[in-house]
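Inspection log for the structure reproduced underneath, given as structure tokens.
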Amino acid sequence: MKNAERATELPGVDLSKLTPAQKTIALRRFNAESCTCGCKMTLAQCRVNDTGCSVSKEITAKIISELSHAPAKTAAPEK
């Protein structure tokens with residue numbers, strides 16, 4: 001898929017636990033970071049073109065986990 005960078009959903013990737021802002025960050029990372037399976041594609045391209053790749057599935061899941069457990073930034077003053 002030539003337009004993997006425009007995808008808002010990827011096969012085997014559950015973005016439902018992320019806020020819209022976190023989803024944007026995740027998609028940017030999926031398009032910026034390379035899959036390490038040897039395919040020479042980004043994580044997003046690999047998920048689209050090789051849905052059976054366990055490497056890209058594991059890495060994208062880790063990114064989602066990192067983002068979903070990141071502390072939310074708030075404008076509230078600390079007491």
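Numbers for residues simply follow the sequence, beginning at 1. Note that this is a predicted model, so its numbers are computed, not measured.
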(request) Nearest 0.5 Å please: distance from the CD atom of Glu58 over to the SG atom of Cys35. (result)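 So the CD of Glu58 and the SG of Cys35 are separated by 10.0 Å.
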For the side chain of [X] and the backbone of [Y], is there at least one donor-acceptor N/O pair under 3.5 Å apart?
X: Asn31; Y: Leu27; result: yes
X: Gln22; Y: Thr19; result: yes
X: Ser68; Y: Ile64; result: yes
X: Arg47; Y: Cys53; result: yes
X: Gln45; Y: Thr42; result: yes

(message) With clusters defined by side-chain heavy atoms of hydrophobic residues (ILVMFWY) lying less than 4.5 Å apart, directly or transitively, does Met41 cluster with Ile59?
(response)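 Ile59 does not cluster with Met41.
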(request) Show the numbers, then the answer: is there a side-chain contact (heavy atoms from CB on, under 4.5 Å) between Ser56 and Cys37? (result) CA-CA 7 Å; Ser56 63; Cys37 75; over 6 Å; no
(request) Carefully, step by step, assess Arg29 and Leu43 under the rule side-chain contact (heavy atoms from CB on, under 4.5 Å). (result) CA-CA 8 Å; Arg29 287 186 63 185; Leu43 293 169; over 6 Å; no
(message) Is any side-chain heavy atom of Val48 closer than 4.5 Å to one of Pro11?
(response)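 Pro11 vs Val48: side chains touch.
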(message) Counting C-beta onward and ignoring hydrogens, is there a side-chain heavy-atom pair between Lys23 and Glu9 closer than 4.5 Å?
(response)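 Of all side-chain heavy-atom pairs linking Glu9 with Lys23, at least one is under 4.5 Å.
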(message) For Arg28, is there an ion pair with Glu33 - N to carboxylate O distance below 4.0 angstrom?
(response)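 No.
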(request) Would you sort out whether Val13 and Phe30 count as a side-chain contact (heavy atoms from CB on, under 4.5 Å), showing the intermediate values? (result) CA-CA 11 Å; Val13 179; Phe30 299 161; 3.9 Å; yes
